[in-house]
Protein chains: 2
Amino acid sequence: MARAHVHTSQPEWAEHALERLQDAGYRRGGARSAVVELLGRQDCALSAQDIEEHLRREDRRVARASVYRALEQLADLRLVTKLEVGQGTARYEPLLPDGDHHHHMVCDACGTVVPFEDPELEKSIEALSRRVSFDVAEHDVVLHGACKDCRE
Amino acid sequence: MARAHVHTSQPEWAEHALERLQDAGYRRGGARSAVVELLGRQDCALSAQDIEEHLRREDRRVARASVYRALEQLADLRLVTKLEVGQGTARYEPLLPDGDHHHHMVCDACGTVVPFEDPELEKSIEALSRRVSFDVAEHDVVLHGACKDCRE
DNA sequence: ATGACTGCAAAGCCTTTGCACGCAA
DNA sequence: TTGCGTGCAAAGGCTTTGCAGTCAT
């Protein structure tokens with residue numbers, strides 16, 4: 001059965017990511033580290049604005065541009081996934097090294113994003129990925145509809 | 001086997017859409033009709049800019065704002081699907097009444113979008129949709145990676 | 001000391017909105 | 001004639017870029 005809520009936060013991811021960044025030649029700057037550590041504490045995708053606000057609340061102000069720069073670097077290293085679920089705003093979440101991941105349901109009424117996972121779906125996609133003429137690196141499944149609170 | 005290319009254009013869709021628009025109380029304006037007719041001739045998703053350019057080339061200039069307005073109305077009536085595959089640009093394609101549809105592979109290097117379809121994947125998603133706590137109205141699957149031309 | 005990192009502000013895109021004119025009904 | 005539809009231009013929102021000061025190494 002697909003569970004609505006999935007993995008808990010993975011502080012190990014943050015360490016892993018910081019190491020990979022260092023290996024890639026990046027220095028340990030304060031802004032980037034703050035973004036990485038925040039992402040490591042999240043269960044689901046955050047927008048750049050979410051990240052900026054969370055960090056501001058914990059007195060670790062980071063300029064919006066730095067948030068975007070960090071996210072871009074992390075995405076280049078395949079440490080985060082960028083996902084676009086509509087509303088014109090990108091969201092980012094840690095990409096776990098073991099390939100364990102989830103997908104998202106988006107309420108088109110209130111914008112809520114809820115993660116879910118489904119092994120059978122993963123199997124279908126993996127099988128499919130081997131058959132197509134693309135080198136498939138990632139995949140996203142987005143279910144659009146109405147959440148429990150928004151349907152009448 | 002998942003085919004790379006899918007349905008051919010469906011002029012019937014354009015008629016259908018124009019009727020549904022009329023039923024919904026919309027008048028038969030020139031700009032909206034042009035957008036609908038163009039979409040009916042497409043095999044895959046177009047961006048608003050694509051649409052504007054195609055129409056300009058065939059001497060049927062439509063203001064960008066009118067394109068967006070038409071697309072929004074069509075999406076509200078569930079006649080088109082809006083899909084976001086990254087690059088910050090939304091794409092739109094006809095939503096076929098019989099539920100037949102495809103998904104997309106996106107080349108993150110060159111931006112090419114290629115449609116594919118896979119019945120097994122559809123089955124997984126349908127089964128899943130019945131199990132979750134959402135009223136699922138639509139779903140999108142996006143495979144990210146490198147197309148044949150872009151992989152080294 | 002050197003070059004990367006950051007913050008700030010400005011610029012870039014895509015998309016939406018306001019408004020006056022034109023057209024369908 | 002009414003008020004919806006359209007075009008144009010301006011405004012909005014998210015994201016990227018330029019630049020100068022700051023910090024890691």
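Each chain gets a letter, A, B and so on, in the order the sequences are listed, and its residues count up from 1. Everything numeric in this text was worked out from a predicted model, so none of it was measured.
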Review point. Does a side-chain heavy-atom distance below 4.5 Å link A/H54 with A/R60?
Key: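 The answer is no; the side chains never approach within 4.5 Å.
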
Check your understanding: Do A/E84 and A/R91 sit within salt-bridge range, that is, some charged N less than 4.0 Å from a carboxylate O?
Key ->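 Salt bridge absent between A/E84 and A/R91.
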
**Study point:** Note: A/R131-B/D118 ion pair, threshold 4.0 Å (strictly below)
**Key:**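 A salt bridge is present here (some side-chain N lies under 4.0 Å from a carboxylate O).
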
Protein-nucleotide distance ([X], atom [atom1]; [N], atom [atom2]), rounded to Å:
X     : N      : atom1 : atom2 : answer
B/D76 : C/dT16 : CG    : P     : 11 Å
A/Y92 : D/dT16 : OH    : C1'   : 11 Å
A/E72 : D/dT15 : CD    : C1'   : 10 Å
A/Q73 : D/dT15 : CD    : P     : 16 Å
B/L21 : C/dA24 : CG    : P     : 16 Å
B/Y26 : C/dC23 : OH    : C1'   : 18 Å
A/R64 : C/dC5  : CZ    : C1'   : 19 Å
A/R56 : C/dC8  : CZ    : P     : 12 Å

**Study point:** First encountered from the 5' end of DNA chain C, between B/R69 and B/R28
**Key:**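 Looking at the nearest nucleotide for each, B/R69 comes out on the 5' side.
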
**Study point:** Residue met sooner reading DNA chain C from 5', once B/K82 and A/G29 are mapped to nucleotides
**Key:**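 Result: A/G29.
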
Review point. Quick one: which of C/dG7, D/dA24, D/dG7 gets closest to the side chain of B/S66?
Key: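 Taking heavy atoms from C-beta onward, the closest nucleotide is D/dG7.
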
Check your understanding: Which one, C/dT17, C/dT15, C/dC8, comes nearest to the side chain of B/A65?
Key ->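 Of the candidates, C/dT17 comes closest.
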
Check your understanding: Which part of the nucleic acid, if any, lies within reach of A/G30 when heavy atoms closer than 4.0 Å are counted: base, sugar-phosphate only, or nothing?
Key ->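 The residue A/G30 makes sugar-phosphate contact but no base contact.
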
**Study point:** Side chains of A/E122 and A/H102, donor plus acceptor under 3.5 Å
**Key:**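 Looking only at side-chain atoms, A/H102 and A/E122 do not form any donor-acceptor pair under 3.5 Å.
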
Practice item. Decide yes or no, distance alone: a donor-acceptor N/O pair under 3.5 angstrom between the base of C/dG3 and the side-chain of A/R27. Key: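 Side chain to base: pair found, below 3.5 Å.
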
Exercise for review: May I ask you to evaluate whether B/R32 reaches the phosphate of D/dG5, defined as a side-chain N or O under 4.0 Å from OP1 or OP2?
Suggested key: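 Looking at the OP1 and OP2 atoms of D/dG5, one of them is under 4.0 Å from a side-chain N or O of B/R32.
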
**Study point:** Check: A/H139 ring centre within less than 6.0 Å of A/H101 ring centre
**Key:**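 Yes, close enough.
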
